[in-house]
Number of protein chains: 2
Amino acid sequence: MKPTLQAVADAVGVSRSTVSNAYSRPDQLSAALRERILDAARQLGYPGPNPTARSLRRGFVGSIGVLFTSQLSYAFTDPFAVRFLAGVGAAAERHGTSMLLVPLPPAVTDARRAVENAAVDGFCVYCVADEEWALDVIRHRGLPYVSTAPRDNAGADERYVGIDERAAARSAAAHVAGLGHRRVALLADSVLPDAPAGPLTVAGVDQVPHPTTRGRLAGFADAFAEVGVGWAELTVVNAPGNSRKAAAAAIAELFDQPAPPTAVLAGSDVLALGVLDALAARPAHDRPTVSVTGFDDVPEAAAAGLTTVRQPAEEKGRIAAELLLDPPADPAAGHVLLPTALVVRDSTGPVPRS
Amino acid sequence: MKPTLQAVADAVGVSRSTVSNAYSRPDQLSAALRERILDAARQLGYPGPNPTARSLRRGFVGSIGVLFTSQLSYAFTDPFAVRFLAGVGAAAERHGTSMLLVPLPPAVTDARRAVENAAVDGFCVYCVADEEWALDVIRHRGLPYVSTAPRDNAGADERYVGIDERAAARSAAAHVAGLGHRRVALLADSVLPDAPAGPLTVAGVDQVPHPTTRGRLAGFADAFAEVGVGWAELTVVNAPGNSRKAAAAAIAELFDQPAPPTAVLAGSDVLALGVLDALAARPAHDRPTVSVTGFDDVPEAAAAGLTTVRQPAEEKGRIAAELLLDPPADPAAGHVLLPTALVVRDSTGPVPRS
DNA sequence: GCTAGTCTCTGTATCGATACAGACTGGATC
DNA sequence: GATCCAGTCTGTATCGATACAGAGACTAGC
């Protein structure tokens with residue numbers, strides 16, 4: 001058994017308090033005694049105050065939780081999520097705080113429990129799917145949190161950092177519409193819950209539950225509405241899982257149709273890259289000319305020449321963590337909207353004359 | 001103030017133990033009473049047992065630490081490290097365990113403290129630089145750990161998962177030597193501590209402190225020794241920080257020399273990609289033909305056509321976490337060497353006749 | 001010489017739970 | 001009717017520290 005603080009106190013012949021002070025408040029005792037205590041601790045093999053006991057007594061843990069409402073492995077697969085984590089990490093580093101990554105079991109009951117049991121001082125909630133239940137649990141625990149999306153019913157004291165999804169998406173769609181495209185597919189993750197991969201009929205964009213997806217689809221639709229292409233004329237394609245593979249699989253059949261879309265607007269770069277994969281997989285003679293746009297501007301997008309909407313990923317993570325660790329006095333400052341920019345590359349062009 | 005377990009007990013008129021059991025051992029009380037307790041808890045806004053207090057009493061935390069002996073942000077910048085993390089995450093997910101990422105302050109004293117204070121049940125130590133001090137602290141705390149490199153003085157009960165660095169490196173170098181290259185540069189991170197970027201004189205490979213770097217350089221040297229090129233004839237180039245930029249900067253000057261190397265063997269893909277960057281940055285008429293090899297086979301390597309040594313990154317993380325969470329009965333099974341494979345792509349070719 | 005003030009150090013209360021041994025029921029068994 | 005047992009619930013000890021008020025000793029200041 002590892003010795004406790006009491007054991008060190010006994011060995012030196014001082015009180016427990018004094019040993020505690022030797023570690024946590026060196027100014028509370030003489031340097032000489034402190035040395036004696038630390039020496040004795042070394043001798044006994046005392047590894048320093050037990051972090052858990054210390055956390056209990058002090059009332060805080062010194063770490064923040066990062067919540068992905070999806071498989072934890074997803075966080076490392078999605079390049080945007082990785083950049084986000086890097087930002088959180090940078091802020092955590094500056095504050096001397098650790099990051100706890102909490103995997104969530106698939107069943108909601110279990111997932112709630114996982115959030116309840118996480119030993120953290122607060123949460124950065126990265127919005128993947130509907131995370132309302134997670135926010136409930138966090139609020140219930142009385143912990144502060146920052147989410148990465150503006151929420152419709154956000155309380156005044158609720159902090160978030162996001163972008164104007166709708167306007168950003170609209171800018172990409174306006175670019176594509178401006179190039180003359182009218183037969184267009186919109187590709188997104190989790191358009192409707194539990195929907196299969198592939199083309200999907202969606203009555204209206206407000207049917208889409210996931211706020212981020214909804215915002216982006218709405219932005220796409222806005223731009224096309226302006227050139228006279230209504231929602232019903234747009235093909236919505238579901239790609240569950242937001243992976244390159246899923247996107248390629250979901251979009252593939254469209255290209256076999258007699259009149260394939262001349263443009264695909266994807267809800268993320270990962271999906272857009274999947275579309276490019278699907279195109280590349282076809283023999284050259286049977287490869288339609290399709291404009292493709294992404295969203296996020298992950299590192300891979302530049303290499304692929306993908307036209308996309310840039311949003312500052314690391315910045316998002318950094319600011320999320322900073323809002324959490326160092327809350328602004330003015331609650332209005334807790335709502336951050338980051339700038340986005342359309343980045344035009346080679347993956348979009350005018351409609352081919354056929 | 002959030003209510004405690006005691007408050008719920010008082011409200012229902014039962015003992016604290018019973019409330020505790022309602023959460024942690026449902027079989028210890030009648031279903032009816034359990035419901036009454038949980039109802040009261042909801043009513044009072046009791047968020048469930050305090051994770052810290054529970055950890056203290058139970059003696060374990062339910063999370064494992066992942067230690068990068070470098071900036072935490074490095075972990076998200078290096079694609080190999082990201083894949084490793086993904087593997088750890090997958091294993092953690094299966095075990096219902098959280099991952100704590102602990103940022104280490106630059107000063108060793110502070111860094112020791114950070115490791116001492118981490119509330120975890122064990123550590124996966126990802127070897128970036130010399131991490132002996134970290135292992136010391138962990139052992140001192142009596143916590144189990146798994147490191148990602150075979151260590152020279154590893155105790156029998158010490159677990160690790162790694163590759164045969166030397167043999168793997170040798171395979172890449174043998175390929176390059178077989179192509180006829182004799183004027184060769186070896187590029188690596190932290191060849192000597194605090195050495196500047198650029199070409200470096202290293203008396204012998206055993207001068208290199210970092211075991212991974214040493215192993216790879218030794219492997220490179222082995223293959224060239226076999227074709228009669230001694231250590232002294234090899235140019236060793238230091239690229240501190242293992243970044244693409246650092247590599248490009250460190251290697252650039254070599255290409256200005258009258259007789260530049262015809263091949264560069266890099267200690268990682270990131271460095272190798274940096275070399276390709278440095279070459280691409282030169283005007284076409286002044287661009288030497290240089291064979292380049294990397295190490296790791298990160299996703300970017302394939303796109304860049306980089307010849308490299310593949311090692312299973314996720315596997316490494318997954319196995320590290322599993323050795324930690326589920327220690328094999330047989331201590332010999334705690335030492336895992338993963339297979340590697342030379343992947344030949346376009347970045348290597350025969351020596352140009354000039 | 002007396003009051004203040006500063007340094008050190010101690011003692012007790014407390015953080016919020018879980019483990020474990022045992023007490024109390026009520027029915028089944030013989 | 002005594003015995004046993006399973007099913008429930010309670011009480012006490014404990015996990016390993018920190019906070020805070022205060023006790024002594026010692027120096028300063030007047």
Side-chain angles (χ1 to χ4, degrees), chain A residues 1-38 40-41 44-62 113 116-121 140-143, chain B residues 1-38 40-41 44-62 113 116-121 140-143:
Chain A
M1 224 30 238
K2 281 281 158 190
T4 68
L5 193 142
Q6 179 73 68
V8 178
D10 292 347
V12 183
V14 295
S15 77
R16 206 162 61 231
S17 303
T18 302
V19 179
S20 172
N21 285 334
Y23 283 93
S24 307
R25 305 166 66 172
D27 56 314
Q28 293 295 302
L29 72 175
S30 68
L33 178 55
R34 184 171 129 92
E35 266 320 307
R36 255 195 327 131
I37 290 175
L38 296 182
L44 292 170
Y46 176 67
N50 177 307
T52 306
R54 169 189 288 226
S55 297
L56 175 58
R57 184 62 243 239
R58 302 230 265 205
F60 70 90
V61 179
R113 177 124 349 177
E116 283 165 357
N117 288 341
V120 296
D121 299 320
H140 197 221
R141 284 186 60 180
L143 291 179
Chain B
M1 224 31 238
K2 282 280 157 190
T4 67
L5 193 143
Q6 178 74 68
V8 178
D10 293 348
V12 183
V14 296
S15 78
R16 205 161 63 230
S17 303
T18 302
V19 179
S20 172
N21 285 335
Y23 283 93
S24 308
R25 305 166 66 172
D27 57 315
Q28 294 295 303
L29 73 175
S30 68
L33 178 55
R34 184 172 128 93
E35 266 320 306
R36 259 202 316 139
I37 291 175
L38 296 183
L44 292 170
Y46 176 67
N50 177 307
T52 308
R54 171 188 287 228
S55 298
L56 175 59
R57 184 61 244 240
R58 303 230 266 206
F60 71 90
V61 180
R113 177 125 350 180
E116 283 165 357
N117 289 340
V120 297
D121 299 321
H140 197 221
R141 283 187 59 180
L143 291 178

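Below, chain A is the first sequence line, B the second, and so on; all start at residue 1.
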Query raised in the report: Which residue lies toward the 5' end of DNA chain C, B/P3 or A/R57, if each is placed at its nearest nucleotide?
Result: A/R57
Query raised in the report: Between atom CG of A/N50 and atom CZ of A/R57, what is the distance when rounded to the nearest 0.5 Å?
Result: 14.5 Å
Requested in this report: Give the minimum heavy-atom separation between B/L5 and B/V19, together with the two atoms involved.
Outcome: CG-CG1, 3.8 Å
Query raised in the report: Between A/P51 and B/R141, which heavy-atom pair has the shortest distance, and what is it?
Result: CG-NH2, 3.5 Å
Just to be sure I understand the rule, does [X] reach a base, reach only the sugar-phosphate, or reach nothing, if contact means heavy atoms closer than 4.0 Å?
X     : result
A/Q28 : base
B/R16 : base
B/Y23 : nothing
A/L29 : sugar-phosphate
B/S17 : base
A/T18 : base

Can you measure [X] atom [atom1] to [N] atom [atom2] for me and round it to whole angstrom units?
X     : N      : atom1 : atom2 : answer
B/R54 : C/dT18 : CZ    : P     : 5 Å
B/L33 : C/dT25 : CG    : P     : 16 Å
A/N50 : D/dA17 : CG    : P     : 5 Å
B/R36 : D/dC9  : CZ    : P     : 9 Å
B/D27 : D/dC9  : CG    : P     : 12 Å
B/F60 : D/dG16 : CZ    : C1'   : 17 Å
A/N21 : C/dT8  : CG    : P     : 12 Å
A/I37 : D/dA17 : CD1   : P     : 14 Å

Given [options], which nucleotide is nearest the side-chain atoms of [X]?
X     : options                : result
A/R25 : C/dG16, C/dT18, D/dA19 : D/dA19
A/L5  : C/dT10, D/dA17, D/dT8  : D/dA17
B/S24 : D/dC9, D/dA17, C/dT18  : C/dT18

Measuring only between side-chain heavy atoms, which start at C-beta, is [X] closer than 4.5 Å to [Y]?
X      : Y      : value
B/D121 : B/L143 : no
A/Y23  : A/L38  : yes
B/K2   : B/P47  : yes
B/T52  : B/S55  : no
B/R54  : B/S20  : no

Report task. Name the residue closer to the 5' end of DNA chain D, choosing between B/S15 and A/V19 according to the nucleotide with the nearest heavy atom. Result -> B/S15
Query raised in the report: If we fit an axis to the first five pairs and another to the last five of the helix from C/dG1-D/dC30 to C/dC30-D/dG1, what angle do they make, to the nearest 10°?
Result: 30°
